[in-house]
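Presented below is the structure to which this report refers.
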Amino acid sequence: MSVKFDVIVIGGGPAGYVAAIRAAQLGFKTACVEKWVNIDKDGVKVPALGGTCLNVGCIPSKALLESSMHYTHAKDDLAKHGVKVGGVGIDIAQMIGRKDEIVSQLTGGIAQLFKANKIEWIQGSGKLYADKKVEVTKHNKDVILFEAEHIILATGSIPIDISAAPVDHERIIDSSDALSLQEIPKRLGVIGAGVIGLEMASVWARLGTEVILFEAMDDFLASADSAISKDALRHFKKQGLDIRLGARVTSSSVSKKDVTVTVQDASGEQQFKFDRLLVAVGRIPVTENIADAAANLLMDGQRVHVTGDCSTNIPGVWAIGDLVRGPMLAHKGSEEGVAVAERIAGQYAHVNYDVIPWVIYTHPEIAWVGKTEQTCRQEGLEIKTGSFPFAASGRAKAMGATEGLVKIIADARTDKLLGVHIVGANASELIHEAVVAMEFGASSEDLARIMHAHPTLAEALHEAALAVDKRAIHIVNK
Ligand code: FAD
Ligand code: AMP
């Protein structure tokens with residue numbers, strides 16, 4: 001006899017744990033199968049909820065970005081404010097320890113929420129079988145069979161490994177390793193100048209590492225609006241990040257003390273030596289061993305096939321998060337989790353895939369929502385745009401954060417907002433004004449007529465909206 005639940009979620013990352021909490025709130029008897037185990041500072045194995053995001057993704061990366069930014073401020077910026085500090089140094093053990101503490105508090109918090117919502121956390125590895133059965137192999141290798149009316153697959157993703165640089169977790173590392181280095185590398189090579197590569201490169205470059213990023217594509221951050229990626233690249237280069245575009249890593253060889261990388265670019269083949277090489281070429285969904293062949297789970301290439309509402313080809317089986325189509329972002333997975341739980345409860349639920357905020361937590365930050373100018377042009381949309389530089393913002397000047405700009409794209413005919421793009425301080429927070437506006441179908445005129453407090457960085461959004469109709473106040477309209 002198998003133990004029966006209303007809802008079983010396989011995977012306890014931001015997609016899965018959120019789905020489980022919402023399902024429990026809706027009155028379902030819910031379980032979440034999660035296999036993640038961390039090793040604490042005493043070498044003890046600690047099972048953890050929260051998935052990639054809380055353990056080795058969003059949260060620890062932001063903790064290290066914050067610490068390394070404080071170091072940069074203390075070393076380079078405070079003197080400009082007349083603040084004198086001497087003997088600025090960095091204690092890596094303290095910095096990594098702080099990050100680990102944050103992770104442990106947050107993952108522990110999810111476990112508390114599970115308890116409070118009476119969600120059973122089944123610790124082990126889950127596999128879908130036919131007839132909505134889930135087999136769990138526990139950490140002690142015991143195998144238990146469960147069944148449920150509804151099963152939500154949320155097994156997430158892992159870093160892609162490439163044969164040109166196989167990860168050995170010593171010299172050639174992945175993003176999880178880069179979040180736990182015990183000493184500052186002298187020279188760090190990064191393969192891939194995407195979101196994760198840039199964030200990790202920023203952390204270590206701020207602490208004094210000489211970093212070179214190799215990006216196979218000729219365009220920098222091709223999915224961002226080109227005005228934004230162009231401006232961001234300028235700032236990153238000024239900070240000393242050496243970003244080589246059109247540079248493909250083709251092989252590598254590891255010795256006891258370093259790693260040699262062969263790179264192919266327009267000028268031919270070159271070799272570089274690093275003490276560490278970070279592979280940050282993207283992530284791949286975890287689909288291996290999640291379903292028995294007899295369950296007949298349909299795939300779309302590397303991802304589990306779902307329709308618009310996240311249902312798979314098997315009635316009562318759903319899939320959400322990094323495992324399915326769409327951007328690999330924590331908040332996208334969480335929204336799908338909520339929506340699926342509500343659909344199971346017979347409620348109407350909606351995820352607006354056209355209004356997903358994207359953020360890159362570099363300095364300056366990059367954030368956008370909606371379409372880029374390139375996409376609008378490819379789709380043949382007639383558009384008008386307005387931009388405003390932070391250099392013309394009083395608040396940005398007072399903060400010493402004048403890098404970057406806001407760019408607004410609106411439909412030329414209806415004025416409806418199509419995309420909002422920001423590179424600058426606090427872009428990660430500022431973007432949400434645009435997210436709300438776009439969710440409510442606002443026009444650029446709507447943003448332009450909303451009063452914004454002075455002096456704030458948000459005024460740059462207001463001015464960019466005014467600039468769409470060439471009536472920005474604090475720049476000369478062209
Ligand atoms: P995951 O978080 O990967 O969780 C899946 C869980 O399923 C894991 O805990 C895994 O152990 C478990 N699992 C897998 N197979 C099984 C099985 N068979 N049985 C039981 N359990 C299983 N996104 C953002 O939105 N913002 C950011 O700032 C951001 N920063 C990032 C920084 C880094 C360095 C990385 C690596 C990623 C970052 N991401 C960020 C991406 C984000 O982490 C993912 O999009 C998000 O975690 C996906 O959520 P998920 O629940 O689908 O999968
Ligand atoms: P992202 O998808 O944002 O994680 O970015 C990963 C980046 O890695 C992409 O921009 C790829 O073009 C890049 N990339 C993949 N393989 C290689 C390689 N062998 N050498 C250099 N860059 C690569």
Side-chain angles (χ1 to χ4, degrees), residues 9-19 32-37 47-62 64-65 107 122-128 134-137 152-160 162-165 174-176 178-179 189-200 203 213-223 244-252 261-265 278-283 285-291 319-324 326-334 336-337 356-361 428:
V9 185
I10 305 182
Y17 83 70
V18 169
C32 179
V33 188
E34 173 54 70
K35 64 177 182 179
W36 196 286
V37 177
L49 292 162
T52 303
C53 178
L54 267 62
N55 290 289
V56 293
C58 326
I59 300 298
S61 58
K62 267 80 254 177
L64 296 190
L65 281 160
T107 54
I122 306 169
Q123 296 177 4
S125 194
K127 184 169 178 175
L128 175 72
V134 173
E135 185 190 84
V136 177
T137 307
I152 306 175
L153 304 174
T155 52
S157 64
I158 48 169
I160 294 177
I162 51 171
S163 57
D174 63 17
S175 57
S176 306
L179 291 165
V190 179
I191 313 181
V195 180
I196 293 173
L198 281 170
E199 290 188 3
M200 292 296 92
V203 167
L213 292 106
F214 302 105
E215 171 52 58
M217 305 223 303
D218 293 326
D219 290 333
F220 178 61
L221 287 179
S223 51
R244 312 277 176 105
L245 299 174
R248 175 174 292 278
V249 172
T250 52
S251 67
S252 59
V261 180
T262 305
V263 178
Q264 183 78 42
D265 64 13
L278 166 63
V279 183
V281 297
R283 299 180 58 83
V286 175
T287 52
E288 206 183 310
N289 239 355
I290 64 162
I320 56 176
D322 283 8
L323 188 60
V324 302
M328 288 185 170
L329 293 170
H331 40 284
K332 174 262 190 187
S334 297
E336 288 179 334
I356 297 177
W358 293 71
V359 179
I360 309 176
Y361 296 80
S428 57

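For clarity, every value in this text was computed on a predicted model and none was experimentally measured. Atoms within each ligand, like the ligands themselves, are counted from 1 in listed order.
From the protein, the heavy atom lying nearest to atom 22 (N) of ligand 2 is Ala216 N, 3.0 Å. Among all non-hydrogen protein atoms, the one lying nearest atom 1 (P) of ligand 2 is Gly194 CA, 4.1 Å. When hydrogens are left out, the protein atom nearest atom 9 (C) of ligand 2 is Glu215 OE1, 3.5 Å; that is the closest non-hydrogen contact. What sits closest to atom 8 (O) of ligand 2 on the protein, heavy atoms only, is Gly192 CA, 3.2 Å. Of the protein's non-hydrogen atoms, Gly282 CA, 4.2 Å is the one closest to atom 2 (O) of ligand 2. Of the protein's heavy atoms, Val249 N, 3.0 Å lies nearest to atom 20 (N) of ligand 2.
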**Study point:** Pair Val279-Asp174, side chain to side chain contact (heavy atoms under 4.5 Å, CB included): steps then yes or no
**Key:** CA-CA 5 Å; Val279 183; Asp174 63 17; 5.7 Å; no
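Considering backbone and side-chain N/O of Ile10, none are found under 3.5 Å from N/O of ligand 1. Below 3.5 Å of separation, one finds no N or O of Arg283 facing any N or O of ligand 1.
Contact of the Ile360 side chain with the Leu221 side chain is registered, since non-hydrogen atoms from C-beta on lie closer than 4.5 Å. You'll find the side chain of Met217 stays beyond 4.5 Å of the side chain of Leu245, heavy atoms only. Residues Pro47 and Glu34 are not in side-chain contact: their nearest non-hydrogen atoms beyond the backbone lie 4.5 Å or more apart.
Remark: ligand 2 atoms within the under-4.0 Å shell around heavy atoms of Ala247 are 20 (N), 21 (C). Within the listing of ligand 1, atoms 19 (N), 20 (C) sit less than 4.0 angstrom from a heavy atom of Gly124. Ligand-side atoms of ligand 2 in range of Met217: 12 (O), range being under 4.0 angstrom from any heavy atom. Numbered from 1 in the order shown, with element, the atoms of ligand 1 that lie under 4.0 Å from a heavy atom of Ala154 read 5 (C), 6 (C), 7 (O). Those atoms of ligand 1 that come under 4.0 Å of a heavy atom in Met328, given as number and element, are 41 (C), 45 (O). Against a heavy-atom cut-off of under 4.0 Å, Gly321 is close to the following atoms of ligand 1: 52 (O). When each atom of ligand 1 is checked for a heavy atom of Ser175 under 4.0 Å away, the hits are 36 (C). Contact atoms of ligand 1 toward Ser157: 3 (O) (distance under 4.0 Å to a heavy atom of the residue). Each of the following atoms of ligand 1 lies closer than 4.0 Å to a heavy atom of His331: 25 (O). Interface atoms of ligand 2 facing Val195, defined by a heavy-atom separation under 4.0 Å, are 3 (O). Close contacts of ligand 2 with Phe214, meaning ligand atoms under 4.0 Å from a residue heavy atom, involve 21 (C), 22 (N). Counting the atoms of ligand 1 from 1 in the order shown, those under 4.0 Å from a heavy atom of Gly51 are 2 (O), 4 (O), 8 (C), 9 (O).
Proximity of Gly197 to ligand 2 is not established, as no heavy-atom distance is less than 4.0 Å. Not a single heavy atom of Met200 sits closer than 4.0 Å to an atom of ligand 1. In this structure, Gly126 counts as a contact residue of ligand 1, since one of its heavy atoms falls inside 4.0 Å of the ligand. Heavy atoms of Ile191 come nearer than 4.0 angstrom to ligand 2 in at least one pair.
Within the model, atoms CD1 of Ile10 and NZ of Lys127 stand 10.5 Å from one another, a figure rounded to the nearest 0.5 Å. Separating the CG atom in Asp322 from the OG1 atom in Thr52 is a distance of 7.0 Å, to the nearest 0.5 Å.
Contacts between Ala280 and ligand 2 below 4.0 angstrom, taking non-hydrogen atoms only, involve the backbone exclusively. Under 4.0 angstrom from ligand 1, the non-hydrogen atoms of Lys62 all belong to its side chain. With a heavy-atom cut-off of 4.0 Å, Ala165 does not touch ligand 2 at all. Contacts of Ala15 with ligand 1, taken as heavy-atom pairs under 4.0 Å, involve both backbone and side chain. Contacts with ligand 1 closer than 4.0 Å are made by no heavy atom of Tyr17, backbone or side chain. Contact annotation: for Val195 versus ligand 1, there are no heavy atoms closer than 4.0 Å. If you look at Val281 next to ligand 2, the close heavy atoms, those under 4.0 Å, come from the backbone and the side chain alike. In Thr52, the parts holding a heavy atom less than 4.0 Å from any atom of ligand 1 are both the side chain and the backbone. Residue-level proximity to ligand 1 for Ser61 is carried by the side chain, the only part with a heavy atom below 4.0 angstrom.
Between the Glu199 side chain and the Tyr361 main chain, a donor and an acceptor come within less than 3.5 Å of each other. Side chain of Lys332 to backbone of Gly321: a donor-acceptor contact under 3.5 angstrom is found. In terms of modelled atom types and a separation under 3.5 Å, the side chain of Ser334 and the main chain of Pro14 share a donor-acceptor contact. Distance alone, capped at 3.5 Å, places no donor-acceptor pair between the Thr107 side chain and the Gly50 backbone.
Considering all non-hydrogen atoms of both residues, Cys58 and Cys53 come closest at SG-SG, 2.5 Å. The minimum heavy-atom distance linking Ala154 with Ile320 is given by the pair CB-CG1, 3.7 Å. Across Ala178 and Leu278, no two heavy atoms sit closer than the pair CB-CD1, 4.0 Å.
The residue from Ala48, Pro60, Ala330 that puts a heavy atom closest to atom 23 (N) of ligand 1 is Ala330.
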